[in-house]
2 protein chains.
Amino acid sequence: MSKAELKKVSDTKVTKKVKKGEALFEEGDKLDGVFCVRDGISKLSKLSANGKDQIVKLASKGEVMGQRSVIAEEYTNLSAVAVSDMEVCFIPKDSIVHTLNRNPDYAVEILRHMAHDLKEADDVIVNMSQKTVKQRIAEAFLYLKSNYGEDEQGFLVLTLSREDIANVVGTATESAIRIISEFKKKGMIKTSGKKIGVLNEKLLQELTEGF
Amino acid sequence: MSKAELKKVSDTKVTKKVKKGEALFEEGDKLDGVFCVRDGISKLSKLSANGKDQIVKLASKGEVMGQRSVIAEEYTNLSAVAVSDMEVCFIPKDSIVHTLNRNPDYAVEILRHMAHDLKEADDVIVNMSQKTVKQRIAEAFLYLKSNYGEDEQGFLVLTLSREDIANVVGTATESAIRIISEFKKKGMIKTSGKKIGVLNEKLLQELTEGF
DNA sequence: AATATTATATGATAATTGTCACCTTTTCAA
DNA sequence: TTGAAAAGGTGACAATTATCATATAATATT
């Protein structure tokens with residue numbers, strides 16, 4: 001859904017506050033509408049057979065969650081949990097279907113957006129299967145920096161727990177922690193509690209490309 | 001694109017024969033239309049930084065390739081190479097755009113299809129990051145059997161090279177070969193040249209779930 | 001403030017996977 | 001049909017990653 005189209009619809013809807021850690025929906029839920037993110041960030045994850053959560057995507061301001069299952073009329077394959085305090089609005093299915101039928105351009109816009117998501121998913125697949133954990137973690141920090149920025153002290157604005165970081169890159173929490181320690185020792189990043197700051201972007205970049 | 005819609009469009013187009021190993025398009029190409037598969041199977045892959053091909057999807061009869069980039073109006077992020085002799089038809093971009101504008105249902109159909117692809121991609125991400133190579137190979141064989149079937153002697157109809165198998169599950173060719181040997185030793189599969197047959201589906205199934 | 005709980009951290013070790021070397025078999029083209 | 005090239009196969013070893021144990025720090029709860 002395009003931001004413009006979205007705004008038009010969502011402005012008429014009430015927003016809802018969601019606290020960090022709360023779930024918007026769970027894997028297997030039947031969604032009767034989509035959530036659009038007004039503020040804050042949510043993780044979209046899928047439980048794997050071995051009991052670990054794989055974070056497939058982070059959704060922030062302007063993004064929509066749940067549209068895949070609403071459109072395909074399937075139960076959702078992902079869970080959405082707030083990783084920061086959020087403000088979301090809910091757009092009921094009817095309203096979407098209605099707009100879809102009345103406005104062909106709207107469908108094309110959603111289509112474009114989904115095509116983009118699909119490309120991103122392809123990239124994630126390649127990263128997951130071809131890069132080492134170290135490379136994926138380096139990439140994750142660069143991604144967090146460029147997408148959510150850093151604060152005045154140079155720490156990433158979006159603070160994820162070590163466990164969440166591990167679940168983004170698909171590794172064990174201990175492995176993620178170990179690599180974070182290593183990056184710190186090498187001066188590539190700095191930490192303060194769970195906050196992380198990028199110190200040497202170039203080094204991280206080179207690492208992702210296979211030094 | 002739905003099979004019904006597709007047929008309508010594609011029946012009016014000339015089909016083209018593509019020999020095994022030939023490329024339909026390469027990563028980075030600008031596509032001015034989509035290819036639909038009439039017969040045979042194509043691999044859709046993406047080159048990773050370390051020079052390995054990651055196969056992201058196999059496309060067979062009724063499936064459409066390249067629609068993502070045509071719709072998003074981006075250069076394609078994937079290469080398409082025939083893994084068996086194929087017959088494809090080409091639908092020019094203009095024809096697609098034209099139909100999109102005239103027929104709203106058509107957009108919704110494509111939308112549904114893409115939503116499905118997106119879900120599948122999510123599943124692949126989870127598999128890639130949470131399952132072992134052994135589990136992924138077992139899964140690949142089950143997938144090949146249920147999607148493309150087996151011949152009279154019980155061998156998988158779609159014969160992939162060991163390298164392609166490795167590229168589907170994202171591992172080194174040698175690792176794939178080793179695991180195939182192991183499966184054979186344990187009586188889970190049989191081989192004959194590069195052909196592979198599933199002997200014990202239950203064992204393979206259990207393996208994918210973590211024995 | 002004291003305590004329970006959760007998150008972070010690190011060592012030791014095992015399991016998995018990749019890499020390189022080398023050999024054999026199959027395939028294909030001259 | 002006969003070599004050359006490609007694909008398949010295996011051993012040895014190195015590198016990566018997971019697991020388990022345990023310790024410490026941070027956070028929440030009463």
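Reckoned from all heavy atoms, side chains included, excluding hydrogens, waters and symmetry mates.
Regarding Gln130(A), its CD atom lies at a distance of 15 Å from the C1' atom of dT16(D), rounded to whole Å. Distance Ile137(B) CD1 to dG18(C) C1': 13 Å, rounded to the nearest Å. Distance CG (Leu207(B)) to C1' (dT16(C)): 14 Å, rounded to an integer number of Å. Put simply, NZ on Lys134(A) is 13 Å from P on dA18(D), counting in whole angstrom units. When rounded to the nearest whole Å, the span between CD of Gln135(B) and P of dA18(D) equals 13 Å. Across the protein-nucleic acid pair, Glu182(A) atom CD and dT17(D) atom P stand 10 Å apart, rounded to whole Å. When the P atom of dA21(C) is taken as reference, atom CD1 of Ile177(B) falls 17 Å away, rounded to whole Å. Taking atom CD1 on Ile179(B) and atom P on dG9(D), their separation rounds to 13 Å, with Å as the unit.
The distance from the CG atom of Asp117(B) to the CD atom of Gln67(B) is 7.0 Å, given to the nearest 0.5 Å. For the atom pair CD (Glu163(B)) and CD1 (Ile177(B)), the distance works out to 9.5 Å, reported to the nearest 0.5 Å.
Panel note: side chain Glu27(A), backbone Leu47(A); a donor-acceptor pair is recorded below 3.5 Å. Within the 3.5 Å criterion, the main-chain N or O of Asp164(A) finds a donor-acceptor partner in the side chain of Ser161(A). Judged purely by atom type and a 3.5 angstrom limit, Gln135(A) has no side-chain atom pairing as donor or acceptor with the backbone of Glu209(A).
Taking the side chain of Thr171(B) as heavy atoms from C-beta on, and the options dT17(C), dT19(C), dT8(C), the nearest nucleotide is dT17(C). Nearest to the side-chain atoms of Glu174(A) among the listed nucleotides dG8(D), dA21(D), dT17(D) stands dA21(D). Residue Ser181(A) has its side chain nearest to dA9(C) when only dA9(C), dC20(C), dT17(C) are considered.
In this model, the phosphate group of dT16(D) is not approached by any side-chain N or O of Ser175(A) to a distance below 4.0 Å at OP1 or OP2. In terms of phosphate contacts, Lys52(A) brings a side-chain nitrogen or oxygen within less than 4.0 Å of OP1 or OP2 of dT19(D). In this structure, Thr132(B) does not reach the dA15(C) phosphate: none of its side-chain N or O atoms is under 4.0 Å from OP1 or OP2.
Toward the 5' end of DNA chain C, the nearer of the two residues Ser129(A) and Glu163(A), judged by each one's closest nucleotide, is Glu163(A).
Side chains of Arg178(B) and Glu174(B) form a contact here, defined as non-hydrogen atoms less than 4.5 Å apart. In this structure the side chain of Lys145(A) reaches within 4.5 angstrom of the side chain of Leu156(A), judged on heavy atoms.
Side-chain atoms of Arg178(B) and base atoms of dG18(C) include no donor and acceptor less than 3.5 Å apart. If you check distances only, the side chain of Arg162(B) never reaches the base of dT10(D) with a donor-acceptor pair under 3.5 Å. Counting distance only, with no hydrogens placed and no angle test, the side-chain atoms of Arg136(B) and the base atoms of dT16(C) include no donor-acceptor pair under 3.5 Å.
The stretch residues 187-203 of chain B does not touch DNA chain C, since none of its heavy atoms comes less than 4.0 Å from the strand.
For residues 182-191 of chain B, every residue pair satisfying the salt bridge (Lys or Arg N to Asp or Glu O under 4.0 Å) rule, not counting sequence neighbours, is listed here: Lys134(B)-Glu182(B), Glu182(B)-Lys186(B).
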